[in-house]
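All values below were derived from every heavy atom in this structure, side-chain atoms included, with hydrogens, water molecules and symmetry-related copies excluded. For reference, positions follow the sequence shown, starting with 1.
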Amino acid sequence: MAVDVVAVRTAGLGSVPEHLLGPVERARADGYRRAEDRRLSVVASLLVRAVAGRTLGIAPGVVAVERRCPRCGGPHGAPYVDGGPLLSVSHCAGLVVVAASGLPVGVDAEPADRRDMSDVAGILLGEGEPVPADDAGLLRTWVRKEAVLKATGLGLTVDLTAVRVSAPDDPAAVVHHGPDPGLPIALADVALPGAVGAVAVLSDSPLEVRTLDGTALLAGL
Ligand SMILES: CC(C)(COP(=O)(O)OP(=O)(O)OC[C@H]1O[C@@H](n2cnc3c(N)ncnc32)[C@H](O)[C@@H]1OP(=O)(O)O)[C@@H](O)C(=O)NCCC(=O)NCCS
């Protein structure tokens, strides 16, 4: 199953065409107090428009982006573009990542230098689940699980312990998905600049991850 992963670091990006954003995206961005968080939101919205517009063959400025929570139908959750690819967004520490696929997709990224991982082991690992040897292993386990929960749309309404994934040094795979054990979920690790990433797609085929240069995509807007 093909999945596109587009990453961009906001540092050094220069000015971006904010005028392409719709009023809802602009209001979301303006809701952030810290300038760097606003910037991440703006860049994520532009990247979503660029990725969906590219697939649909239309200009990014006319892409109609909605939010439709699969749980409650409310206007929140992952961005959704009617007729376009299914999308997922993650942002952290100056990095924006957008994943797009033909089936429900989830992407997660965490800074590679995140050092509080032993503190989160308690909420990450279920009873009897092998404990990764170090912070890097915990981080890898974290992003794999969050990618899965974002692909299903459940997000953190479900405990991370409800999902089990393969050991950090083994190829990425879902070992058990508590909320719906029969659901086919393909998982892959993603190499990102300065971050650890994973992408999941609700598919029974292995993932063919294509990485695209987000900076070049934004430059073309
Ligand atoms: C999304 C979530 C897992 C957090 O991820 P995080 O590591 O803190 O942040 P990330 O940057 O990786 O991801 C945030 C993005 O996930 C997406 N997202 C939010 N909720 C999502 C969900 N339920 N499923 C998939 N993606 C979701 C959004 O695109 C969001 O970014 P945006 O709002 O700027 O577009 C967590 O905040 C969450 O579960 N939120 C939803 C809770 C929920 O569903 N509540 C019930 C509503 S009825």
Hey, are the side chains of Glu146 and Leu156 touching, using non-hydrogen atoms and a 4.5 Å cut-off?
yes

So does Arg67 pair up with Glu25, basic N to acidic O under 4.0 Å?
no

Show, in sequence, the C-alpha distance, side-chain angles and deciding distance for Arg26 and Ser45, and conclude whether the side chain to side chain donor-acceptor pair (under 3.5 Å) test is met.
CA-CA 9 Å; Arg26 198 176 297 270; Ser45 293; over 6 Å; no

What are the two closest heavy atoms between Ser88 and Gly106, and how far apart are they?
OG-CA, 3.4 Å

Is the shortest side-chain heavy-atom distance between Leu138 and Val120 below 4.5 Å?
no

Can you give me every donor-acceptor pair (side chain of residues 93-104, partner residue at least two apart or in another chain, under 3.5 Å) with its distance?
from: Ser101; atom 1: OG; to: Ala2; atom 2: O; distance (Å): 2.9

Heavy atoms only: give me the nearest Arg49-Leu21 pair and the separation to one decimal.
NE-CA, 4.2 Å

Quick check: is Leu183 connected to Val175 through a chain of hydrophobic side chains (ILVMFWY, heavy atoms under 4.5 Å apart)?
no

So if you build clusters from Ile, Leu, Val, Met, Phe, Trp, Tyr with side-chain heavy-atom gaps below 4.5 Å, do Val196 and Val8 land together?
no

With heavy-atom distances below 4.5 Å as the criterion, would you say the side chains of Leu149 and Val163 are in contact?
yes

If you compare all heavy atoms of Leu20 against all heavy atoms of Pro60, which two are closest, and at what distance to 0.1 Å?
CD1-CB, 4.4 Å

Is there side-chain contact between Val89 and Val107, with heavy atoms separated by less than 4.5 Å?
no

Once you round to the nearest 0.5 Å, how far does CG of Leu218 lie from CG of Leu46?
6.0 Å

Side-chain heavy atoms of Leu187 within contact of Leu207, under 4.5 Å
no

Going only through I, L, V, M, F, W and Y residues with side-chain contacts under 4.5 Å, is there a path from Val174 to Val209?
no

Is there a path of hydrophobic side-chain contacts, each under 4.5 Å between heavy atoms of I/L/V/M/F/W/Y residues, joining Val81 to Val105?
no

Residues 124-133 side chain polar contacts: donor-acceptor under 3.5 Å, at least two apart:
from: Glu129; atom 1: OE1; to: Gly126; atom 2: N; distance (Å): 2.7
from: Glu129; atom 1: OE1; to: Lys145; atom 2: NZ; distance (Å): 3.1
from: Glu129; atom 1: OE2; to: Lys145; atom 2: NZ; distance (Å): 3.0

Short side-chain to backbone donor-acceptor contact, Ser205 and Met1, under 3.5 Å:
no

Do Glu208 and Val3 have side chains that approach each other closer than 4.5 Å (heavy atoms only, starting at C-beta)?
no

Steps toward side-chain contact (heavy atoms from CB on, under 4.5 Å) verdict (Leu86, Tyr80):
CA-CA 7 Å; Leu86 294 167; Tyr80 173 79; 4.2 Å; yes

Euclidean distance, Leu13 CG relative to Thr215 OG1, rounded to 0.5 Å:
5.5 Å

I'd like to know if the side chain of Asp159 and the backbone of Ala162 have a donor-acceptor N/O pair within less than 3.5 Å.
no

At their closest point, which heavy atom of Leu202 faces which heavy atom of Ala151, and how far apart are they?
CD1-O, 3.8 Å

Could you go step by step and tell me if Tyr32 and Leu40 meet the side-chain contact (heavy atoms from CB on, under 4.5 Å) rule?
CA-CA 10 Å; Tyr32 286 103; Leu40 285 174; over 6 Å; no

Would you say the side chain of Val16 lies within less than 4.5 Å of the side chain of Arg39, judging by non-hydrogen atoms?
yes

If hydrophobic clusters are built by linking Ile, Leu, Val, Met, Phe, Trp and Tyr wherever their side-chain heavy atoms come under 4.5 Å apart, do Leu212 and Leu192 end up in the same one?
no

Looking at Asp108, Leu139, Asp189, which hits side chain to side chain contact (heavy atoms under 4.5 Å, CB included) with Arg144?
Asp189

Take Ser90 and Lys150 through the test side-chain contact (heavy atoms from CB on, under 4.5 Å) and record every step on the way to the result.
CA-CA 10 Å; Ser90 185; Lys150 288 171 85 172; 3.7 Å; yes

Could you walk me through whether Ile185 and Val201 pass the side-chain contact (heavy atoms from CB on, under 4.5 Å) test, one step at a time?
CA-CA 6 Å; Ile185 309 173; Val201 178; over 6 Å; no

Out of Leu47, Val63, Val48, which one pairs with Pro79 under the side chain to side chain contact (heavy atoms under 4.5 Å, CB included) rule?
Val48

Mark yes when over 12 heavy atoms from residues, nucleotides or ligands other than Arg54 sit less than 6.0 Å from its CZ; otherwise mark no.
no

Is the side chain of Arg68 donor-acceptor paired with the backbone N or O of Pro75 at a distance under 3.5 Å, no angle test?
no

Pairing residues for Asp37 by the salt bridge (charged side-chain N to carboxylate O under 4.0 Å, His left out) criterion, not counting sequence neighbours:
Arg34

Expected output: side-chain Arg210 to main-chain Val5 donor-acceptor under 3.5 Å
no

Reported CD-to-CE distance for the pair Glu110 and Met117, which is rounded to 0.5 angstrom:
7.0 Å

Contact check, side chains of Pro179 and Leu154, non-hydrogen atoms, under 4.5 Å:
yes

Where the side chain of Thr55 meets the backbone of Pro85, is there a donor-acceptor pair that is under 3.5 Å apart?
no

Trace of the salt bridge (Lys or Arg N to Asp or Glu O under 4.0 Å) decision for Glu18 with Arg38
CA-CA 11 Å; Glu18 275 195 40; Arg38 182 182 187 283; 3.0 Å; yes

Using 4.0 Å as the upper bound for N to carboxylate O, is an ion pair formed by Asp135 and Arg114?
no

Can you name the nearest heavy-atom pair linking Ala195 to Ala109, along with the distance?
CB-CB, 4.5 Å

